[in-house]
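Everything numeric here is computed off the predicted structure, so don't read it as measured data.
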Amino acid sequence: MASSTTNTEQPQQLRLYLHSELTTSHTSHGITHEDYTQYSTYCTRRLARLRHSKSVKKDLLHIRVYKSSLSTRTNDNTTSNGGSKAKKNSYRAIELTNLPSEILASHVNYFLEPLYCAERCWAASLALKAQMTTVIENNDTANTTNALGSDGLNPRKDWSVGKFRAQSMKRLKKAVKYATLVESLALSTKAPPSTESKVDNDNEEDGATTTMPEESMVHPPVDEHTQMEARAYASFMRGNLALEMNQWQTACTEYQLAMQLCEALGQGLATAGNGGNGSGTDDDGVDVQQLELFDFFNSRAKNVIAPLLKYCHYELQEKGLSPTEKISFLQSSSSISDGDPLQSKLHSLKNETLQTQATSGSSMSQITFRENVIPVETKDLRMALLKIQDLKSDWEEEEEKKNNDNANSSSDDAKFMELLSGYDDAVSLVNKELKQLAALKSGPAVNAKKFQLVNLLGYSKYQKLKLVMGRNEVLTNGIIQTSKEDDEGMTLKHLEEVAHLYDALLQDARAVASLPGGGSADDFDGDSSSAIVEDEFYLEANANVLRLRSLRCYYLARMHASPVVHKYSEAIALLDQAERLANEALEEIGACDQMEHGDALLESLEKVAAEMRGEKCRVLALSYLSKSSSTGSGKCLLQRLHDYNIPSSPKSIAHVPPKLEPMACKPSFFDVALNYVSEYPVDELERAMEEHNGAEAASSGILGWFRRG
């Protein structure tokens, strides 16, 4: 039996941060921009550097000159060692699993080489998949040639979609092969050949199976952390292959294992980071690195693996769910990122649901606009209105989420713009149908159809303008509220922003007042640009125009009365106009009983009207002070109520906040200070002055500078 010394030291195991290494490569070489071809090229260059390292090239280079290496595949017996240069540089097959654990632990390149082989195959597979998507979208040879290379020498220009798919799957299977190899190397416990043969001979002589001593046991080349990372990477890659092959159960199993390993890695790193003694700077640096890795693994489990796992669960459950249940499941499971497969599945399922509803006519079969019930007869228009309804609900949910979190959200703006685009699509569909009816002669049936389309056009434009005006009102109120909470109040910049927003609101309100539609089908003469119908909708729109004109004039007046501009005569004229418009708007809004949010608009406008009266008094006082000319103090008006000496350039009516004034100190302070005050030393001061004057007199004269000490 093999003997072993008790003082044999355990070989040091490597620790590799595989995922951190790959994240750095992904960030620097095109993965963030989905440029998989660039990343595949980088992996090729990186592999050349890894294989040509001096200490590992005999095991990693595929040339015949290193055939005697342990990494050479055992059944590769094509040629001998000697021979010409061509034979020496011919290809040899490599089997890294033949290498003992001791050799694998000697250099990190034994693990990085198969890792980047897997990454290169994975990137090539995704690049082929992206090119296949381009072929499907373009659907013709000319566009495919432009997309894949316009030089005319691209070998893939004539490939079919099936060939792209086959090549992509072939590359992905090779990536799984190399990822599994990384896992096998990390768990390898192969002993050197001499040790294995000696142990086998001893076992044959004894005639029984024996166990090696603990000191002689072969340990894996890497530590437990690296083994877990290798298993997580291999499981993730196997899950990707199963996902592409629609093997949902296998994909769920592999993704579940990868997520559990990432969570375990993050939990272990967090425990190690919190358990440090903090005795030195090196330990602090290690703790910081471990905390970064903890965040990385938790983020990978939550944002990368979990969406894919949920997608596989969805595919397994899809057959037993209704369309509504499918959409709710996808909305609750999908992430925000565009690359999430659940997002594309959600969009396609929503489109299918909208098409079904539009075809059946069960939803959005009619709309109500200006006291008219208008039927929606065309399928395309019903589908556009249903899409708008769906987008509006999504945007409202995002708006509510943003208000609860008190944070700005870019997804909220994206959904808002998508909703506006939906309204534009509906308007273009209606205009297209109106153009088709424009060439027809007028008649009862034609006029009735035109009346429906005109009201549908007015409805679509009104909903879009209403949405934009509501958002601008929220922005305006937010600026006003923020400036009120600020110590400086509303500055000139704030006033300019508010006036600009009210200008945009006024333009939209006038557009609402001039929208087509209204009246009855009997009175419609077939011309959409005929006289405007003065119904309740028109009166409410005009009342809103008066309100916005009043507010715009008010903030323009405050701009003119600001200390920077100080155009008081123009400000007074604008305040008079704003007050007159406010009174008219109050009467018009009060007369509209069915106006939406009418009570809230009345209350807010009454508050602003009271502010207008106070602002007018202030501007009148500043105007009077600016016209007077005299020389006096620079006190504010509140401090000169009984002073008839008016300054030439008044600064303000009152100091806000009031300035500090000096106050008499307490007498006890001087009583205490008197105990430490002595009599005035008159004699000492006179003696010092005489000495100083005598020294100056002695140093005067032509030769006085000789006497200076």
Only one of Glu606, Glu587, Glu473 forms a salt bridge (Lys or Arg N to Asp or Glu O under 4.0 Å) with Arg547, so which one is it?
Glu473
Counting C-beta onward and ignoring hydrogens, is there a side-chain heavy-atom pair between [X] and [Y] closer than 4.5 Å?
| X | Y | answer |
| --- | --- | --- |
| Val498 | Met490 | yes |
| Glu540 | Val512 | no |
| Tyr423 | Lys392 | yes |

Main chain of [Y], side chain of [X]: is a donor-acceptor contact present, judged purely on distance under 3.5 Å?
| X | Y | value |
| --- | --- | --- |
| Arg370 | Asn455 | no |
| Asn542 | Ala513 | no |
| Thr368 | Val373 | no |
| Thr27 | Thr23 | yes |
| Ser428 | Asp425 | yes |
| Ser421 | Met417 | no |

Ignoring hydrogens, what is the shortest heavy-atom contact between [X] and [Y]? Give both atom names and the distance.
| X | Y | answer |
| --- | --- | --- |
| Ser550 | Met612 | OG-CE, 3.2 Å |
| Ile388 | Ala426 | CD1-CB, 3.9 Å |
| Ile589 | Gly598 | CG2-O, 3.9 Å |

Please round to the nearest 0.5 Å and tell me the distance separating atom [atom1] of [X] and atom [atom2] of [Y].
| X | Y | atom1 | atom2 | value |
| --- | --- | --- | --- | --- |
| Met559 | Ser562 | CE | OG | 7.5 Å |
| Ile367 | Gln452 | CD1 | CD | 9.5 Å |
| Leu548 | Asn472 | CG | CG | 10.5 Å |

Could you walk me through whether Asn477 and Gln481 pass the side-chain contact (heavy atoms from CB on, under 4.5 Å) check?
CA-CA 6 Å; Asn477 295 333; Gln481 186 66 27; over 6 Å; no
Should Lys493 and Glu496 be marked as a salt bridge (Lys or Arg N to Asp or Glu O under 4.0 Å) after you check the CA-CA gap, both sets of side-chain angles, and the distance that decides it?
CA-CA 5 Å; Lys493 181 180 179 181; Glu496 288 176 351; over 6 Å; no
Geometric class of the Phe537/Tyr462 ring pair [parallel <30°, tilted 30-60°, perpendicular >60°]
perpendicular
Go through the steps for Glu584 and Arg580 under the test salt bridge (Lys or Arg N to Asp or Glu O under 4.0 Å), then give the verdict.
CA-CA 6 Å; Glu584 294 181 7; Arg580 182 181 64 80; 2.9 Å; yes
Lys449 bridged to Glu377 by N-O distance under 4.0 Å:
yes
Should Leu420 and Lys464 be marked as a side-chain contact (heavy atoms from CB on, under 4.5 Å) after you check the CA-CA gap, both sets of side-chain angles, and the distance that decides it?
CA-CA 7 Å; Leu420 293 183; Lys464 179 184 176 182; 4.0 Å; yes
Applying side-chain hydrogen bond (donor to acceptor under 3.5 Å, both in side chains), can you list everything that pairs with Asp576, at least two apart in sequence or on another chain?
Lys616
Quick check: are there more than 12 heavy atoms from other residues, nucleotides or ligands sitting under 6.0 Å from CD of Glu611?
yes
Can a donor-acceptor pair be found between the side chains of Ser299 and Asp295 at a distance below 3.5 Å?
no
